[in-house]
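What you see is a predicted model, and the numbers here were worked out from it, not measured in a lab.
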2 protein chains.
Amino acid sequence: MARTREFATDEAVVAARSVFWEHGYEQASVPELERATGLGRSSIYQAFGSKRGLFDACVESYLAEVIRPRLRPLEQDPVDAGALAEYLDGLRGALGDAGSAPGRHGCLLMNAAGAPIGREDAIAERVAAYREELRAAMRRGLAAARGLGGSGRLGDGEPDARLLDRDAEACASLVTSAFALTRVDHAAALRCVDAARAMI
Amino acid sequence: MARTREFATDEAVVAARSVFWEHGYEQASVPELERATGLGRSSIYQAFGSKRGLFDACVESYLAEVIRPRLRPLEQDPVDAGALAEYLDGLRGALGDAGSAPGRHGCLLMNAAGAPIGREDAIAERVAAYREELRAAMRRGLAAARGLGGSGRLGDGEPDARLLDRDAEACASLVTSAFALTRVDHAAALRCVDAARAMI
DNA sequence: GTCTTTCTGCAATGACCGTTCCAGTATATT
DNA sequence: AATATACTGGAACGGTCATTGCAGAAAGAC
């Protein structure tokens, strides 16, 4: 029917993703996105419609390729007793590596949360959902590690369940803080991950 | 010697502060700062040197007038047993008020942490110091509430001290997360504050 | 081979950015 | 009153922004 695209869309998204990750949506310029993706302006606008469209694609890719794979072991049934510890160790490795994207820039989504783009409903919902996903995963991981609810069922009213809820919220918050602190205080960020590990 | 300034510098800083608070450093435009402060460009540049100079003044003002007053009761000696609960209740009130600056925009400094400006050494240090101040305050507040170290002294090696450290880190992280989530999920932010309260 | 459709390269668009320059104004000191 | 100094208003600076328009290139369908 027509001319075929000369580039792989997903490769372009990955390249653009790292630009948004580093600079945030607002400060990522189109010329910079051109450079990173190797594409011309027309190709970007033809494929994604707008800078915002490209960013949305990057957010989806970030969730699918960066966040979810790490979280998956905590969302399976049953959850392995060591899954949470493994997740946190992996996170620590990533944040501790000063060369990696997470180590240098924290979390693409949490950075977006504090930026003007975070006011956009579509983005706000994505970030909120991610944070909730993280909290739920922490809860499952904690429960498994502590040998509670091996078959998953723990009454919501029980004291153990309340404690689990609080600790899960705390764990998720420690991870969130680690992301938030990565840019400004690398060591403090790692301390947050360690504190989360110690909560298991 | 010379003509006198026609405006109050601190009033201008407060006005500019709310602009930076809402939009972040990068997205706050000079025309908008002019509008908010009621000043002309020349006056701004004469008084503060640059947009960045004005921002620095706003950060100082934010620390001195917004952060420190709330944290003070937790930094006195001795700390009141109810000081942490009062702090968290106050924070809950501020974050819960959808009309207030914290309720709408979270924390000026934590927002800056995830933005490009967070890469500037001077800003990164300020944010890191604030976060450490918060953690230390949480520790003192927790200790007081739990009746530990009435005279403040608790050996670093004791198990109680380790627990206190972890809980303080968790508390500070819950507050940090509350700030980070305010823009994207108001209810979740309040839940974080509640979780911190429950840790006392 | 022709047609149709999509993709690509380049240039231009109007708008806004932070900063600077300059002429004019007002005041505290002498 | 004269002077030196600091503040103010307004216009202009060069630069960058996201987006669009258009001409040409490429490839599947017929």
All salt bridge (charged side-chain N to carboxylate O under 4.0 Å, His left out) counterparts of [X], not counting sequence neighbours:
{"X": "B/E133", "answer": "B/R68"}
{"X": "A/E132", "answer": "A/R135"}
{"X": "B/D194", "answer": "B/R92"}
{"X": "B/E26", "answer": "none"}

> Does any pair with a residue in residues 180-191 of chain A pass side chain to side chain donor-acceptor pair (under 3.5 Å), and if so which ones, sequence neighbours excluded?
Replying inline: none
> Heavy-atom contacts under 4.0 Å between residues 21-29 of chain A and DNA chain D, which residues?
Replying inline: A/A28, A/S29
Rounded to whole angstrom units, what separation is found between the [atom1] atom of [X] and the [atom2] atom of [N]?
{"X": "B/Y45", "N": "D/dG10", "atom1": "OH", "atom2": "P", "result": "17 Å"}
{"X": "A/F48", "N": "D/dT19", "atom1": "CZ", "atom2": "C1'", "result": "16 Å"}
{"X": "A/F7", "N": "C/dT6", "atom1": "CZ", "atom2": "P", "result": "15 Å"}

>> Among D/dA18, C/dT8, D/dT8, which nucleotide has an atom closest to any side-chain atom of B/R5?
In response: D/dT8
>> Going by side-chain hydrogen bond (donor to acceptor under 3.5 Å, both in side chains), name the residues that satisfy it together with B/R146, two or more places apart in sequence or in a different chain.
In response: B/D167
>> Run the side-chain hydrogen bond (donor to acceptor under 3.5 Å, both in side chains) test against A/S61 and tell me which residues pass, sequence neighbours left out.
In response: A/R17
> In terms of the nearest nucleotide of DNA chain C, which residue is placed more toward the 5' end: B/K51 or B/T4?
Replying inline: B/K51
> Under a 4.0 Å heavy-atom cut-off, which of residues 34-44 of chain A touch DNA chain C?
Replying inline: A/R41, A/S42, A/S43
>> Between A/N111 and A/H105 (side chain of the first, backbone of the second, donor and acceptor by atom type, cut-off under 3.5 Å), is there such a pair?
In response: yes
